[in-house]
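Submitted below is the structure of interest, expressed as structure tokens.
Numbers restart at 1 for each chain; the letters A, B, ... are given by sequence-line order, proteins then strands. Bear in mind that the values here come from a model prediction, so they are computed numbers and not experimental data.
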2 protein chains.
Amino acid sequence: METVGRLAGVSQVTVSRALNNPKKVSPQTLKRIQDAIAVTGYVPNLVAGALASRRSHLVAALVPSITNIVYSGLMKHFIDVIRASGYHVLMSETGFSQEEEQAIVAALLSRRPDGLLLTGIHHSAGTRRMLLSAGIPVVEIWDITDTPVDICIGFSHIKAGHDVADFARMRGYHRAAAVAANDERALRRKDAFCARFSELTKTDVPEICLDSAASISRGREALARLVAQGFDKGVIFCSSDLLAHGIIIEAQSRHLNVPQDIAVIGFGDQDFSAHTLPPITTVHVDREILGARAADALLSRMNGNDANIRCIDVGFEIIARDSA
Amino acid sequence: METVGRLAGVSQVTVSRALNNPKKVSPQTLKRIQDAIAVTGYVPNLVAGALASRRSHLVAALVPSITNIVYSGLMKHFIDVIRASGYHVLMSETGFSQEEEQAIVAALLSRRPDGLLLTGIHHSAGTRRMLLSAGIPVVEIWDITDTPVDICIGFSHIKAGHDVADFARMRGYHRAAAVAANDERALRRKDAFCARFSELTKTDVPEICLDSAASISRGREALARLVAQGFDKGVIFCSSDLLAHGIIIEAQSRHLNVPQDIAVIGFGDQDFSAHTLPPITTVHVDREILGARAADALLSRMNGNDANIRCIDVGFEIIARDSA
DNA sequence: TTGTAAGCGTTATCAC
DNA sequence: GTGATAACGCTTACAA
């Protein structure tokens, strides 16, 4: 800045102003400064700026998995909105572990982010303590609670599982099974589904809990296991459309008809779900809105609006297609 | 640090040492300092540290799309290795656009990253200029060239397309078509495939270039278009396993047999590719090795090893399954 | 509209 | 082994 200023015949501060508050500088000097910047190829140093202003213009975001489209798709929209306001996003993967989450929060807080995005509402005591004493806006997504750290945006997984069970009964199914990946929210949906379906039909609902992430191959294995257990007629609620897709493929390879023999309900409404054979009946959550709302809430808080936003329920929608 | 030092009965500098170079501090004072840190809940400020030491411990990474598993999967491995060395990764999405890439590079350089990862080897002149004058290690992935900005790690897309054509001929196919998403590297693979297959068979190879990212639904549409053009017998080379999967589904819905009528070769060897009906013949690239090598190369350069690494060819492998 | 001075919270370089 | 002192490259009063 010193150099640029000398070249433009002004002091270093004026260069700073030209960059952050162009209106506060006369048009002529602004022009000279911009020329000087072009000539020197000056690149501002945001770390010095962050230190001086105590604003890093950095937002930290923690997701369970960056390769899972459900999370990466959401993050894409979140980042797009956040970036448009001049912030950068430091994204990290927690791998569904609270200890890992705590370690990452500690590391990220050293970067003095202006805001933080967390996935889910269950965090370790240590994490909550750090978050509170950091004194920055925090938004928790994908789930809702009455006691968020700061703001939460999501929907009720229990209601989702419950409603899917009602839907399945409405479609006339008398027997059901459930398959869930090793995701705490998926398990809550599954539990709510099983409880409600049992309640409605007085039947037992077999469950399969995976110890891994959802995938087509896990879906195939799950159906194989269910069939081996004698389940070859009824509806299966999956925690992910990937599992549902796998079940459809496995059913096909076993010459079981979907949905006549095995019906399938997925979760997530992924981009392929309307294009499989048959198309997948699923639960749709608007990830674009969820990501954008999270960004908006964070931006609003970071700009000092201590508005009374606490909890936003974005809801969900059951999309009836041909698989169930 | 001042506060922590007072509590431990030492100066601020000693606290800094205890954190960065514990061996240079006597065991007793180290203990006192650690206790003081625990008591105060002190969180180091890395932005001040970065300013003073001129090392941000930050690595910037630019990928075309964060929702595409091909890129996010690679980044996962890259990030895992980089993080283990105490660096954080600032990941951004370029959307396959060079202008966007340049804008993002400019923005990220303000954060003074210690290293940079770029996807592909084609960048705007402005980007190259900024990169050069930034004077930091740069690694370009997914492709190889004799003239990298600094280091490149990948494989030859032309050779991949060429080899797939040879493979297809070897499997006995006399007619071929190609489908590619709007990714510059995908187009080069497609061109090489078409050229080689034409050369071998003296036949025309119809092509479909999408103006969007690969997906199952795009694959279905592509087969529909090819069939409409009269292509209902032969092998189709796709730029992604997602497209290949879509083609399999569309073939099934049209009662075309795979591979007897329509054979399909994908690209990427995604985790579902071995589990479709039939399993997808594809091109495998080891994303874990690619990501880890990129991280290693960057770390080594950032640690001052001006080793003579310039270009690493990680190769690829054609995985023969049942779809072709 | 522009400039001066005092930080921001660390690390680097010395000296002790 | 420890401490004083000077940066690091900006922003924020405040003054002119």
Does A/D143 come within less than 4.0 Å of A/R185, counting only side-chain N to carboxylate O?
-> no

Which atoms form the tightest heavy-atom contact between A/S56 and A/R111, and what is the distance?
-> CB-O, 4.0 Å

B/E140 and B/H122, any side-chain heavy atoms less than 4.5 Å apart | no

Nearest non-hydrogen partners of A/S300 and A/I309, listed with the distance = OG-CD1, 4.0 Å

Indicate, with a heavy-atom threshold strictly under 4.0 Å, whether A/Q12 touches base, sugar-phosphate, or nothing.
-> base

Measure from CE on A/M1 to C1' on C/dT4 and round the result to the nearest Å.
-> 16 Å

Under 30°, 30 to 60°, or over 60°: which ring-plane class applies to B/W142 and B/Y71, parallel, tilted or perpendicular?
-> perpendicular

What parts of residues 14-30 of chain A reach DNA chain C, counting only heavy atoms under 4.0 Å away?
-> A/T14, A/R17, A/K24, A/V25, A/S26, A/T29

Taking side-chain contact (heavy atoms from CB on, under 4.5 Å) as the test, write out the residues that go with A/S124, two or more places apart.
-> A/Q98, A/Q102, A/T127

Send over the distance from B/E2 CD to D/dA4 C1', rounded to a whole Å.
-> 12 Å

List the atom of A/I104, the atom of B/R83, and the distance in Å for their closest heavy-atom pair.
-> CG1-NH1, 3.4 Å

Of the non-hydrogen atoms in B/C311 and B/T145, which two are nearest, and what is the gap between them?
-> SG-O, 3.8 Å

Which of residues 38-60 of chain A have a heavy atom under 4.0 Å from DNA chain C?
-> A/L51, A/A52, A/R54

